[in-house]
Amino acid sequence: MKQAIVARTDIGMGQGKLAAQVAHASLSAYEKADDQLRSQWKQGGQKKVVLKGESERQLHELSAIADSEGIPNAVVRDAGHTQLEPGTVTTLAVGPAADDRVDSVTGELSLF
């Protein structure tokens, strides 16, 4: 069981902003998972990986793939209080789900 968080590299988020957006994405996707997935993921140590995304379009495409596979996912839009314009898509979380299911969506991406 794992969760992959895809963070955009094309919008210049600072390290603190990146950390906050990854946390938002992780929690949002977790909340969309059913009780069984949540429990399995928590018992397995809540494994996460952060990956590089190149554009808003890519995040939406990956989200659509996850949706079609029935994998919980969440796209995060920034509120615009600090570094980014309101509504900027920053991250996508895929999972929690079985490793191979998450990899079927995000397996081609590089580590952040």
Side-chain angles (χ1 to χ4, degrees):
M1 296 293 294
K2 74 176 175 182
Q3 184 179 67
I5 300 98
V6 183
R8 287 179 61 189
T9 59
D10 63 322
I11 54 175
M13 288 184 279
Q15 290 180 344
K17 172 62 79 177
L18 174 65
Q21 297 302 301
V22 165
H24 288 317
S26 179
L27 183 57
S28 294
Y30 172 83
E31 290 175 337
K32 291 182 177 183
D34 65 30
D35 290 341
Q36 181 179 1
L37 286 174
R38 288 183 191 190
S39 178
Q40 288 177 327
W41 187 55
K42 286 171 73 174
Q43 290 174 359
Q46 301 177 16
K47 182 168 64 171
K48 298 169 203 70
V49 61
V50 181
L51 306 169
K52 292 180 181 178
E54 56 190 39
S55 67
E56 178 177 347
R57 178 179 177 169
Q58 182 186 42
L59 270 59
H60 286 297
E61 289 171 353
L62 294 170
S63 175
I65 293 167
D67 283 340
S68 73
E69 298 289 328
I71 301 169
N73 69 93
V75 173
V76 173
R77 293 182 179 273
D78 191 65
H81 297 302
T82 56
Q83 298 176 9
L84 303 172
E85 292 297 317
T88 302
V89 171
T90 59
T91 50
L92 162 70
V94 178
D99 288 13
D100 61 336
R101 297 194 73 214
V102 173
D103 289 345
S104 73
V105 178
T106 62
E108 299 297 317
L109 301 176
S110 299
L111 290 172
F112 204 96

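Of the residues listed (His24, Gln21, Glu56), the one engaging Thr90 in a side-chain contact (heavy atoms from CB on, under 4.5 Å) is Gln21, and it is the only one. Results of the side-chain contact (heavy atoms from CB on, under 4.5 Å) test with Asp78 over Thr91, Ile11, Leu84 single out Leu84 as the only residue that passes.
Judged purely by distance below 3.5 Å, without hydrogens or angles, the side chains of Ser63 and Asn73 pair a donor atom with an acceptor atom. Ser104 and Glu69 are not linked by any side-chain donor-acceptor pair at a separation below 3.5 angstrom, with hydrogens and angles left out of the test.
Contact check for Gln40 versus Pro96: no side-chain heavy atoms found under the 4.5 Å cut-off. In this structure the side chain of Thr106 reaches within 4.5 angstrom of the side chain of Val6, judged on heavy atoms. The closest side-chain heavy-atom distance from Lys52 to Leu109 is not below 4.5 Å. No side-chain heavy atom of Asp10 sits under 4.5 Å from any side-chain heavy atom of Glu54.
Following chains of ILVMFWY side-chain contacts shorter than 4.5 Å, one can reach Leu111 starting from Val94, so the two form part of one hydrophobic cluster. Hydrophobic clustering (side-chain heavy atoms under 4.5 Å, transitive across Ile, Leu, Val, Met, Phe, Trp, Tyr) groups Trp41 together with Leu27.
Atom NZ of Lys47 sits in a crowded spot, with more than 12 heavy atoms from other residues, nucleotides or ligands closer than 6.0 Å. Counting heavy-atom neighbours within 6.0 Å of Gln15 CD, excluding the residue itself, gives a total of 12 or less.
Scanning all heavy atoms of the two residues, the minimum distance from Ala74 to Ala25 falls at CB-O, 4.3 Å. Here the closest heavy-atom approach between residue Val102 and residue Lys2 is recorded as CG2-O, 3.6 Å. Of all the heavy atoms in Phe112 and Leu18, the pair that sits closest is CE2-CD2, 3.3 Å. Residues Gln83 and Lys17 come closest through the heavy atom pair OE1-CB, 3.5 Å.
Side-chain atoms of Arg8 come within 3.5 Å of backbone atoms of Val89 as a donor-acceptor pair (strictly under, hydrogens ignored).
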For the pair Met1 and Leu37, evaluate side-chain contact (heavy atoms from CB on, under 4.5 Å) and give the outcome as yes or no after the intermediate values.
-> CA-CA 8 Å; Met1 296 293 294; Leu37 286 174; 3.6 Å; yes
Could you go through the side-chain contact (heavy atoms from CB on, under 4.5 Å) check for Gln46 and Gln3 one step at a time?
-> CA-CA 8 Å; Gln46 301 177 16; Gln3 184 179 67; over 6 Å; no
